[in-house]
Amino acid sequence: MATILVVDDDDDIRELVELALSSEGHLVATARDGAAALEHLEEHQVDLAVVDVTMPVLGGIGFTAALRSLERRSYGRRPRTSVVLLSALTSPDDIDAGLAAGADGYLPKPFRIADLLRVVRVHLARRERARAGDDADDGEAVEDLCGAWRSR
């Protein structure tokens, strides 16, 4: 399975997400904020980061922008890490800011564990297809997730 970094300053949410992802067979590391997450990534490669937007020290949008900058400076020596942001901030402007920083997805809080796991599966599958050079479009799956959320 995948190696996933969960970043959230809320202990309960961080532990819940860690448990859910671990139960799916993923290797999970955790960090309390974006700065600690970047420190972790200096030593370890992960396939996916699930990151809260609003945290002390360095929030999810700042973390994502810093990670993308680090990846660009590595000139391809560092594989791209997929990033899914979690947040109670759900306005279109908030979501656009996260995606503009380089996030691959945005899951509103509160979320159902089933929705989190579905989003993780979609992004890991997309990552695997990119590695294999398959340009198949998974936009329909992402649209289904967004549509399900918007209809609530």
Notebook entry, point to check: Who are the side-chain contact (heavy atoms from CB on, under 4.5 Å) partners of Asp12, not counting sequence neighbours?
Noted result: Asp10

Next item on the list: Identify, with sequence neighbours excluded, every residue that meets side-chain contact (heavy atoms from CB on, under 4.5 Å) alongside Asp96.
Entry: none

Check: Any link between Leu117 and Leu19 through a network of hydrophobic side chains (Ile, Leu, Val, Met, Phe, Trp, Tyr) touching at under 4.5 Å?
Finding: no

Notebook entry, point to check: For the side chain of Arg78 and the backbone of Glu71, is there at least one donor-acceptor N/O pair under 3.5 Å apart?
Noted result: no

Next item on the list: Identify the heavy atoms of Ala35 and Leu58 that sit nearest to each other, and give their distance.
Entry: N-CB, 3.6 Å

Next item on the list: Looking only at non-hydrogen atoms, find the nearest pair between Thr64 and Ala103 and report the distance.
Entry: CG2-N, 3.4 Å

Checklist line | Residue pairs passing the ring pair (Phe, Tyr, Trp, His ring centres under 6.0 Å) test where at least one lies in residues 16-40, sequence neighbours excluded | finding: His40-His44

Is any side-chain heavy atom of [X] less than 4.5 Å from a side-chain heavy atom of [Y]?
| X | Y | answer |
| --- | --- | --- |
| Val28 | Val17 | no |
| Phe63 | Leu41 | yes |
| Leu5 | Val50 | no |

Roughly how far apart are [X] [atom1] and [Y] [atom2], rounded to 0.5 Å?
| X | Y | atom1 | atom2 | value |
| --- | --- | --- | --- | --- |
| Tyr106 | Leu99 | OH | CG | 8.5 Å |
| Ser23 | Glu18 | OG | CD | 11.0 Å |
| Leu21 | Ile4 | CG | CD1 | 4.5 Å |
| Thr54 | Asp33 | OG1 | CG | 13.0 Å |
| Glu24 | Met1 | CD | CE | 7.0 Å |
| Arg121 | Leu48 | CZ | CG | 12.5 Å |

Would you tabulate the side-chain donor-acceptor contacts of residues 80-89 under 3.5 Å, counting partners in other chains and residues two or more places apart, or write 'none'?
from, atom 1, to, atom 2, distance (Å)
Arg80, NH1, Asp104, OD1, 2.9
Arg80, NH1, Asp104, OD2, 3.2
Arg80, NH2, Asp104, OD1, 3.2
Thr81, OG1, Gln45, NE2, 3.3
Thr81, OG1, Val46, O, 3.3
Ser87, OG, Leu89, N, 2.8

Margin query: For a quick check under 3.5 Å, do Ser69 and Arg73 share a side-chain donor-acceptor pair by atom type?
Written below: yes

Notebook entry, point to check: For Asp9, what residues pass the side-chain hydrogen bond (donor to acceptor under 3.5 Å, both in side chains) criterion, not counting sequence neighbours?
Noted result: none

Item checked: Residue pairs fulfilling salt bridge (charged side-chain N to carboxylate O under 4.0 Å, His left out) with at least one residue in residues 45-63, sequence neighbours excluded -> Asp47-Arg127, Asp47-Arg131, Asp52-Lys109

Check: Are Arg14 and Val7 close enough, and set up right, to give a side chain to side chain contact (heavy atoms under 4.5 Å, CB included), and what steps lead you there?
Finding: CA-CA 7 Å; Arg14 191 177 59 251; Val7 188; over 6 Å; no

